[in-house]
Enquirer: 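Below is a structure I'd like to ask you about.
FYI, side chains are in, hydrogens and waters are out, and symmetry mates aren't considered; it's all heavy atoms of this structure. The model shown is predicted, which means the values in this text are computed figures rather than measured ones.
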Amino acid sequence: MESEPLLTGSMNYDPDNNDHLEKGSPKTRRLSSVAADYCCVEGGDEDLYLQQAVVFIEDAIQYRSINHRVDANSLRLYRWYYSRIWQLGLGLTIAVVLMLAFIERPSSFSYTSDPRFRPPPWEPPCGLTEGIEIVCLVIFAIDFATKSYLIGWEEFRKCKWLIVYILAVSASVIDWALTLSMYCDQNLRVRRLIRPFFLLQNSSLMKKTLKCIKRTLPEIASVILLLALHLCLFTMIGMLLFAKGENPKQNGEWEAYFRDLPTSFSSLLVLLTTANNPDVMIPAYSLNRGYSIFFILFSGFGTYFLMNLLTAIVYNQFRGYLLMSVQASILRRRLGVRAAFEVMSCQGWGQDATHSEENVERVRVDASLQVMARVQMKSYYRQAIIKRVQQLSDGFIQWEAFRRLFDELDKDRIKEHPPKPEYNSSLLQGLQLLFCHYYVTVVGNAVALANVMCICVLQITIFATYRLPFPKWNPASRGLMSLWEMVRLVNMLIVVRFLRIIPDIKLMALIASTLVDLVKNLRAFAGILVVVFYVFAVLGIWLFQGAITAPGQMSVMSNSSMKNITVECGSYEQLGYWPNNFDDFASSLVLLYNVMVVNNWQVFMDAYTRYTTQWSKVYFVSWWLTSSVMWVNLFVALILENFIYKWDRSVMCSVADVERTGYETTVQLMFREQIQEPTEEELVTQLHQHPHLHLS
């Protein structure tokens, strides 16, 4: 399970989330509420209370729900389930089952995907990949059974993700059995489309990101509808404006781009992405410069207004749902801490005669230290919390002080430079003072800049003089590495030294820290992109495998014979795009990436339209909307949020402070000012709704 704070689930029970696997106890527990004046616990012992507190705090750290069984055996199973070993094994299992697509038929095991030169790929024997897959499915079944047991039947019935989980495993097993019954000659393997679900359901980050995307879709759909109307209007105008005339020489625009409705619509759709600009307007523009107004108006309003408006809407709406999710994750953390405090206060009740008289909930310091020693958490968090506990002198911790202990969890680690070594020698002390001076750093940066400039001048001079590589130069004849290659390698390493100036320039340090945060916070987006790539690649293989075939014996044809082949300029064949196909999984991924970049994506759409049917355009347009429009805009939204937050903080900060933001920033910190702390009544209400803890 993911442990990052981004997009975790709601504190209120969320039936769409299966991350609420928390320990439950068949024993009846009665805990004091805020207004209660006593605490009564039936059938428990001190070690069980401490174990429950440990697990609740671990839930708070990982933003997990506490709605799980809390008896001793279930708690041990729960901690084992969320242990690093099991979660790593489960993640490895998911990776293995996804990677099977590269090995299964059609196999991607060939050195090239070009059908003109591709040898017959290696095909696995029947039963090899199926044997690996059934082992993975058994592990998924164990994972499902464990989750279902830990949350209990009542919670299971409310969890849509777990219900779909068992259906996905069952459908995969049935399809697996059909494959074996057909001696592995089954072309349509439905379970390939199911496999990405195992990646989704195992990550709370991805599930919550997916929910945010789903809630953003209505606003996106409104702009896409406006784009569709824009396209339809200009398509009608274009078909009227560039209708077929009596003079064949003036029908170039009609013949190439406006011959019929599907062609006209797809031509303007591609122009919306600027992939065919200015090609689409050249035939008409050559006849009359006034025709350029039509294309400029279309792309100006559609590309620069509507598409940017779409980015703004995605940013605004998705940011709102992201804030809601962060608010829910904070509530989940506070509830875990409150639950730990409740069980610890019951465990420590009666230890002090004045406790019941004062009617104030509190926990023992020594019990808190025992719990923190057993909690699985990062060492620097543990040390910070224990240090604050040890500063308390009265032996007990009240609720507000206990809650503030875990504010340390909202702070990311600040990496500090190691302390300077201490020398007894006055000479070494003087040298240390000299070389640690600020001006020495400035001189070092100046030397690095001079090195880069000298190397650039040197390289340009050598190229201008000798036109490298010169015809008779053969590095292979000079051993493993020639002197010239060694010089170039050293020069490359010297150029890298120039990166040392980044921390000393405020804006560059800000950008660098933003990039670091994106790597941490983009895992959920990257995971969903992997899922989408996987699904569209499998669909592409089903729909278009073998649809485009290269001319027969092209690999052995002579150059003179190949010159006789006539192809349209700018077409799939003329551009030599043969390696981009849906003949196997790996080549499908590459083709989808090329379409996502949108440069010349109309070439692929046109080729598969010619080799199959006009309906193939639906597949490519759907992929463009999903990848280039939806995901790229979400990516831009997250970049904006990270950068704006850091920029606002850096206005009054020094360079050193900007460096620190690279280690302090989390998604919770970005929304700290907007996040509202849950009230005491909300926490108590949630605890009363716990399916396995019964409060009076």
Side-chain angles (χ1 to χ4, degrees), residues 6-7 16 193 196-197 199-201 203 205-231 265-266 268-275 299 302-325 518 521-540 543 588-602 604-605 616-643 667:
L6 175 63
L7 298 176
D16 292 338
L193 284 179
F197 172 80
L199 177 62
L200 278 176
Q201 67 83 28
S203 171
L205 295 174
M206 293 176 61
K207 285 186 289 188
K208 290 305 163 185
T209 304
L210 194 64
K211 180 178 290 187
C212 290
I213 293 175
K214 182 183 70 175
R215 292 177 176 178
T216 311
L217 284 178
E219 290 78 11
I220 296 178
S222 62
V223 181
I224 291 179
L225 178 61
L226 188 58
L227 275 172
L229 295 176
H230 174 69
L231 277 169
F265 189 86
S266 59
L268 292 181
L269 176 63
V270 175
L271 179 60
L272 194 66
T273 66
T274 71
S299 60
T303 304
Y304 296 107
F305 180 76
L306 291 180
M307 295 299 290
N308 288 321
L309 178 63
L310 180 63
T311 302
I313 290 178
V314 170
Y315 170 71
N316 183 67
Q317 297 298 324
F318 187 79
R319 184 183 186 276
Y321 293 123
L322 182 64
L323 175 60
M324 292 170 55
S325 184
L518 285 175
N521 295 331
L522 272 181
R523 288 189 298 174
F525 292 90
I528 292 179
L529 187 64
V530 168
V531 170
V532 174
F533 260 95
Y534 201 100
V535 170
F536 271 86
V538 172
L539 289 176
L543 297 173
S588 300
L589 294 178
V590 175
L591 191 152
L592 290 175
Y593 175 79
N594 291 334
V595 175
M596 185 179 72
V597 177
V598 303
N599 183 46
N600 272 358
W601 73 289
Q602 76 279 5
F604 304 109
M605 184 167 60
S616 62
K617 293 181 179 180
V618 176
Y619 174 87
F620 288 95
V621 173
S622 300
W623 172 245
W624 169 72
L625 288 173
T626 304
S627 60
S628 183
V629 175
M630 170 68 75
W631 191 87
V632 171
N633 279 305
L634 291 175
F635 180 72
V636 171
L638 189 60
I639 290 179
L640 288 174
E641 193 62 48
N642 273 268
F643 186 80
V667 178

Enquirer: Just so I know, are the side chains of L199 and Y534 near enough to count as touching, which here means a heavy-atom distance under 4.5 Å?
Expert: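 Counting from C-beta outward, L199 and Y534 never come under 4.5 Å.
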Enquirer: Is the shortest side-chain heavy-atom distance between M605 and V270 below 4.5 Å?
Expert: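 The answer is yes; the side chains approach within 4.5 Å.
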Enquirer: Find the distance between CD1 (I528) and CG (L200) and round it off to the nearest 0.5 Å.
Expert: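 Taking CD1 in I528 and CG in L200, the distance rounds to 6.5 Å.
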Enquirer: Minimum heavy-atom separation for L271 to T303, with atom names?
Expert: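 Heavy atoms of L271 and T303 come nearest at O-OG1, 4.0 Å.
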Enquirer: For the residue pair K617 and L269, establish whether any side-chain heavy-atom pair is separated by less than 4.5 Å.
Expert: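 Of all side-chain heavy-atom pairs linking L269 with K617, none is under 4.5 Å.
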Enquirer: Could you check if a side-chain atom of M307 sits within less than 4.5 angstrom of a side-chain atom of V629, using non-hydrogen atoms only?
Expert: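 Sidechains of V629 and M307: in contact.
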Enquirer: Are the ring centres of F533 and W623 closer than 6.0 Å?
Expert: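 Yes.
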Enquirer: Do T273 and W601 pair up side chain to side chain, a donor and an acceptor below 3.5 Å, judged on atom types alone?
Expert: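 Judged by distance alone, the side chains do pair up.
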Enquirer: With rounding to the nearest 0.5 angstrom, report the CG to CE distance, L529 to M206.
Expert: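 Here the rounded value is 9.5 Å.
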Enquirer: Quick one, L625 and V621 - any side-chain contact, counting heavy atoms below 4.5 Å?
Expert: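 In contact.
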Enquirer: For the atom pair CG (L226) and CG (L231), what is the distance rounded to the nearest 0.5 Å?
Expert: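 The distance works out to 10.0 Å.
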Enquirer: Quick one, L193 and L539 - any side-chain contact, counting heavy atoms below 4.5 Å?
Expert: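 Yes, close enough: below the 4.5 Å cut-off.
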Enquirer: Quick one: are T626 and W631 in side-chain contact, heavy atoms under 4.5 Å?
Expert: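 Side-chain contact under 4.5 Å: no.
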Enquirer: Rounded to the nearest 0.5 Å, what's the gap from CH2 on W624 to CG on L592? Could you check?
Expert: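 These two atoms lie 15.5 Å from each other.
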Enquirer: What's the spacing between T311 OG1 and I220 CD1 if we round to 0.5 Å?
Expert: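 Between T311 OG1 and I220 CD1, I get 10.0 Å after rounding to 0.5 Å.
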Enquirer: Looking only at non-hydrogen atoms, find the nearest pair between G302 and L227 and report the distance.
Expert: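 So the two residues come closest at O-CD2, 4.2 Å.
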Enquirer: Looking only at heavy atoms, what is the nearest atom pair of V531 and P196, with distance?
Expert: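 What the structure gives for the nearest pair is CG1-CB, 3.6 Å.
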Enquirer: Would you give the length of the straight line joining atom CG of N308 to atom CD1 of I313, rounded to the nearest 0.5 angstrom?
Expert: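 One gets 11.5 Å once the value is rounded to the nearest 0.5 Å.
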Enquirer: Partners of Y619 by ring-ring contact (aromatic ring centres under 6.0 Å, His included), sequence neighbours excluded?
Expert: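 Only F536, F544, F582 meet the ring-ring contact (aromatic ring centres under 6.0 Å, His included) criterion with Y619.
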